[in-house]
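Input: a single structure, listed below in structure tokens.
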Amino acid sequence: MKENTVRKTVLLLLALSFTTVTLSACEQHRTFGQKVRDTVDPPQGPIEKAGRSIDRATGN
């Protein structure tokens, strides 16, 4: 039973690290509008900065 839990945890961490590396490998091509928004309304803190980065990487 304990081996099964350890295996699931390792697979979950592996999947999470793969997803993180994939998102961080995306090149950021900011449009003029995004540059203006970042200048006029800069992200407040690391969470908002990460949210904007994920939105741009996924095309939202």
Inset, instruction - I would like to know whether Gln44 and Lys49 meet side chain to side chain contact (heavy atoms under 4.5 Å, CB included); could you show each step before the answer? - result: CA-CA 7 Å; Gln44 302 295 318; Lys49 185 182 263 188; over 6 Å; no
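Between Arg52 and Glu48, at least one side-chain nitrogen of the basic residue sits less than 4.0 Å from a carboxylate oxygen of the acidic one, meeting the salt-bridge criterion.
Note: the hydrophobic cluster containing Phe32 also contains Val40 (ILVMFWY, side chain heavy atoms under 4.5 Å, direct or indirect links).
Rounded to the nearest 0.5 Å, atoms OG1 (Thr9) and CG (Asn4) are 9.5 Å apart.
Residue-environment remark: CG (Leu11) exceeds the threshold of 12 foreign heavy atoms within 6.0 Å.
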